[in-house]
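Structure record follows, encoded as structure tokens.
In what follows, chains are A, B, ... by sequence order, proteins preceding strands, each numbered from 1.
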Amino acid sequence: MTDTYDPNALVDRWLPIWEQRGIFEAGGPDDERPRKYVVDMFPYPSGDLHMGHAEAFSIGDAIARFAMMRGANVLHPIGWDSFGLPAENAAFRRGLDPRDWTYANIAVQAESFRRFGISFDWRTRLHTSDPQYYRWTQWIFLRLYRQGLAYRKASLVNWCPVDQTVLANEQVIAGRCERCDSVVTKRNLTQWFFAITRYADRLLEDMVPLEGRWPEHVLTMQRNWIGRSTGAHVDFAVQGRLEPVRVFTTRPDTLYGATFFVVAADSALADELCADDRRAEFTSYVETVRSESEIERMREDRPKTGVFLGRHAINPLSGERIPVYAADYVLAEYGTGAIMAVPAHDQRDLDFARAFSLPVRMVVDTGNADPALTGIATTGDGVLVNSGPYDGLRKAAAIQRVTDDLAAKGLGEPAVTYRLRDWLLSRQRYWGAPIPIVYCDACGEVAVPDDELPVRLPESGYSLRPEGGLSPLQSATDWVRTTCPRCGGEARRDTDTMDTFVDSSWYFLRYPSAHDERQAFDPGQLRRWAPVDQYVGGVEHAILHCLYSRFLVKVLHDAGDLDFVEPFEALINQGQVIMAGASMSKSKGNLVNLQEEIAKYGPDAVRVTMLFAGPPEDDIDWADVSPTGSGKWLARVWRLSGEIGRAALESDPGSGTSHLRQVTHRTIDEVTRLMTGSRFNVAIARLMELTSALRKAVDGGAMDSPAEAAAVREGGEALARMLSVFAPFVAEDSWARMGQQPTVHEAGWPTADPALVVQDVVTCVVQVAGKVRDRLQVSAQIGAEELRSIALTTDGARRALDGRGVQTVIVRPPKLVNIVPV
RNA sequence: GCGAGAGUGGCGGAACAGGCAGACGCGCCGGACUUAGGAUCCGGUGCCCUCGGGCGUAGGGGUUCGACUCCCCUCUCUCGCACCA
């Protein structure tokens, strides 16, 4: 055993031993230990692991290892989210097949994970781009298809002109492509959707039990994303149209304040309603609107525009005739694509009314100044005015009454709308799971039978680059040409592939039976493991990935495949690793290379630095933290273990109650609690304190006395066991240096002796007028009366009182006395 | 604009339930050992000070014997959403 601390040599020493013993493999069905399923969001193979991976997986590993050390049967799996557009683009840039590029990266990442010492059960390893995996992604698609939850629809979709593909709403950030930042345009294409909106209410309701277990802001983001609004549908007759036009409003109480009517300019309805003499103006307006980018449309200070359509709508309750406009501030996709405009109580309507000199009629008196004069719409509570039979009602009562009256007359009904849209999953790209549908001239749209899955991606030999909005798979003509599973006639395959979020929204169901060739997931295994007890990953997936996973689990539950409705019982979003105040990027030149950091400090020091920097959810600025400092601490532990190792193994700390034993057991007690709350930074601070206490004892000659040496050994061994969850290599080597057999990871979490945790003597603070004036060492069991009289006679108290009398004394034995002078 | 969260030393951050503010670490200062130190070990380190104390958790007010912690107002920052009717 060498005496020079070389962190990277420890990796080579212990990795083969751990792997040979299989110590991180989950127990089988007969394993009686309590089970825990810990999942890190699986990586995307875009290159080697980076600093962000190191942080996320350090957190997940600490959680998984802590559970293992406490005697749980832990499933800690790993896989790769290996389909997707970035890999495809990167491969084409290099003139490579996406498959080769992807699997080469996976190999590199897997080896990096190994050497980083993450406690994965490698038997679970899966890749979403394996036919053995995407076969079941296709099976899940068909599961939704048969339930009517997957459907095809021609619609105006978000189009990224650079990536040449359709994007889900969720992938458009402020009008730009999430991936390449180019300005998104619109296209009319027939696309596949999952009907996630049908699950909107359940996605909302089922969040209640997640309170306190998921980050609050993630729940808020999901709620906002779903965007449930309650109100009413109201039918307005429009001249020259048989059917009334329906609007959605959250403020039916303001119906008498509607002074005009607006339909979305780009909707079919606007086109239909346009009067002949307005056609020219309307057409040119729509052209202007269409040519504007999303960015321009979303400019905050953008003036309201629109055109009068030459018709009027009839207010169903008041009978008033109001003009109908087309405008781009009304969205075709939200609600019904038409609104009643109440300028007095809606700022957007007011802005439009002022731009077009339309009347503004206040119908709810909120006590604020008239919006017609101020230009500020009022939205608060108030009393109805100018509203015929509803005058005098308060807002809430009026909403109820108006809605009821509309319903009674068949002119409307209570309604709920959502911001959430159905999940658009078709992608005109090569590197994804093909959609398992064929089109037959005789039978139409036909599902590929389950036993013909997977529909494999054609291997190569085609131009696989996206062109002109056509899926690259269209050029694979002999792949496209197939036979209809129903009639045996000629048929064509769907040439789109699925959004990779489909792949990643069910992988945690596959892990426990990752290589099962008969089914997507094993219900028996899932009964043992699922749902995921702890999920760890970046906040960038707080909406998309988490919402889609929640949706899919509910669908599979309803299909009778699963007996739970939420995939992730608890969620931690780790912060980002940044450098010198900015997110890392090659162009900023502030990229920190993970492998270089590991080469310099060893994997353990990098892990400890990540976890010690602050709470897991906080960002880490690598410029503010010190891998050197973490490395120094680990080296201290390692050297200490060598000194402890020279003391006799068999010595027993016995029943001694030395100060050091108390420190050890209090540390165990506290670190155990801190780990339960994922308070890794504080837990590490406590372990550092224990290290210093042990160092001090050894330097003070403790090793010369058998009893004291035994207490040092007890502390050192407890330290190694606890350290193992953060710094597995150093902990393991220290364990061996103290003369113990491998491995520390099987040694179990130390147990605190309650007798040593309880403080028998405590420090009592003596305050005068709330300021600390003295400190006392008193028995933890001291009575209030006794403590009061001792406190009053302390030097500090007497000096501070300076002859003044005592008004009252607050005694909180044994920790505090506060003397209040006259 | 709307919603959520956060402001503590030079820096990252501690403070369980209203009871010793600044644990632990970085940085800095000093010392020991040393041919040497970018190794190791030990000590110091919120600010001011007449060495008794005074001030101090963004700012202002309040509740309390006692407030980083609870309440109100203001300021600043971060994140999310952003014409969603």
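Judged by atom type and distance alone, A/Asn818 reaches the base of B/rC65 through a side-chain donor-acceptor pair under 3.5 Å.
Under 4.0 angstrom from either OP1 or OP2 of B/rG43 there lies at least one side-chain N or O belonging to A/Lys696. The side chain of A/Arg686 contributes no N or O atom lying less than 4.0 Å from OP1 or OP2 of B/rA15. The side chain of A/Ser626 places no N or O atom within less than 4.0 Å of a non-bridging phosphate oxygen (OP1 or OP2) of B/rG27. Phosphate contact (OP1/OP2 of B/rC16, side-chain N/O of A/Arg679, threshold under 4.0 Å): absent.
Considering only heavy atoms from C-beta on, A/Arg421 comes within 4.5 Å of A/Glu333 through its side chain. Between A/Glu643 and A/Met703 the shortest side-chain heavy-atom distance does not fall below 4.5 Å. Looking at heavy atoms from C-beta onward, A/Ile376 lies in side-chain contact with A/Gln347 at the 4.5 angstrom threshold.
Taking only side-chain atoms of A/Asp624, from C-beta outward, the nucleotide of B/rC81, B/rC20, B/rG12 with the closest atom is B/rG12. For A/Lys632, whose side chain is taken as the heavy atoms from C-beta onward, the closest listed nucleotide among B/rU40, B/rA85, B/rG12 is B/rU40. Across B/rC41, B/rC65, B/rA85, the shortest atom-to-atom separation from the side chain of A/Arg639 is found for B/rC41. Distances from the side chain of A/Trp225 to the nucleotides B/rA23, B/rC81, B/rC55 place B/rC81 closest. For A/Val330, whose side chain is taken as the heavy atoms from C-beta onward, the closest listed nucleotide among B/rG12, B/rA85, B/rC41 is B/rA85. Proximity note for A/Asp346 (side chain, C-beta onward) versus B/rG80, B/rG12, B/rA85: the nearest is B/rA85. For A/Arg799, counting side-chain heavy atoms from C-beta on, the closest listed nucleotide (B/rG19, B/rA85, B/rG52) is B/rG52. Side chain of A/Thr250, nearest nucleotide from B/rC55, B/rA85, B/rC24: B/rA85. Of the candidates B/rA85, B/rC83, B/rG19, the closest approach to any side-chain atom of A/Lys304 belongs to B/rC83. Residue A/Pro615 places its side chain closer to B/rA14 than to any other of B/rA14, B/rG53, B/rC65.
Taking atom CZ of residue A/Arg223 and atom C1' of nucleotide B/rC2, one finds them 17 Å apart after rounding to whole Å. If you take CE of A/Met688 and C1' of B/rG13, they are 12 Å apart, rounded to a whole angstrom. Rounded to an integer number of Å, the gap from A/Trp633 CH2 to B/rC41 P is 14 Å. Distance CG (A/Asn681) to P (B/rA15): 8 Å, rounded to an integer number of Å. Rounded to whole angstrom, the span from the NE2 atom of A/His233 across to the C1' atom of B/rA85 amounts to 11 Å.
In terms of position along RNA chain B, the nucleotide closest to A/Leu816 lies nearer the 5' end than the nucleotide closest to the other residue of the pair A/Leu816 and A/Phe248. Looking at which nucleotide of RNA chain B each of A/Val772 and A/Asp619 is closest to, the 5′-most match is held by A/Asp619.
Using a 4.0 Å heavy-atom criterion, one finds that A/Arg695 contacts the sugar-phosphate atoms exclusively. Counting non-hydrogen atoms under 4.0 angstrom, A/Arg773 reaches the backbone sugars and phosphates but no base. Contact annotation for A/Glu216: no contact, since no heavy-atom pair falls under 4.0 Å across all strands. If you check every strand for non-hydrogen atoms under 4.0 Å, A/Ser229 touches sugar and phosphate atoms only.
Using the Watson-Crick or G-U wobble rule with both distances under 3.5 Å, B/rG25 pairs with B/rC11. Base pairing of B/rG5 is made with B/rC77, judged by Watson-Crick or G-U wobble geometry with both donor-acceptor distances under 3.5 Å. Across every strand in view, B/rC70 sits in a pair with B/rG62 that passes the Watson-Crick or G-U test at under 3.5 angstrom. Remark: B/rC55 base-pairs with B/rG46. Criterion, Watson-Crick or G-U wobble with two distances under 3.5 Å.
Between the side chains of A/Thr197 and A/Asp422, at least one donor N or O lies within less than 3.5 Å of an accepting N or O. With 3.5 Å as the limit, one finds a donor-acceptor pair spanning the side chains of A/Thr417 and A/Tyr334.
A distance below 6.0 Å separates the ring centres of A/Phe356 and A/Tyr325.
Straight-line distance between the C1' atoms of B/rG9 and B/rC24: roughly 14 Å, to the nearest whole Å.
Cation-pi geometry between A/Lys304 and A/Phe352 is not met at under 6.0 angstrom from the ring centre and within 45 degrees of the axis.
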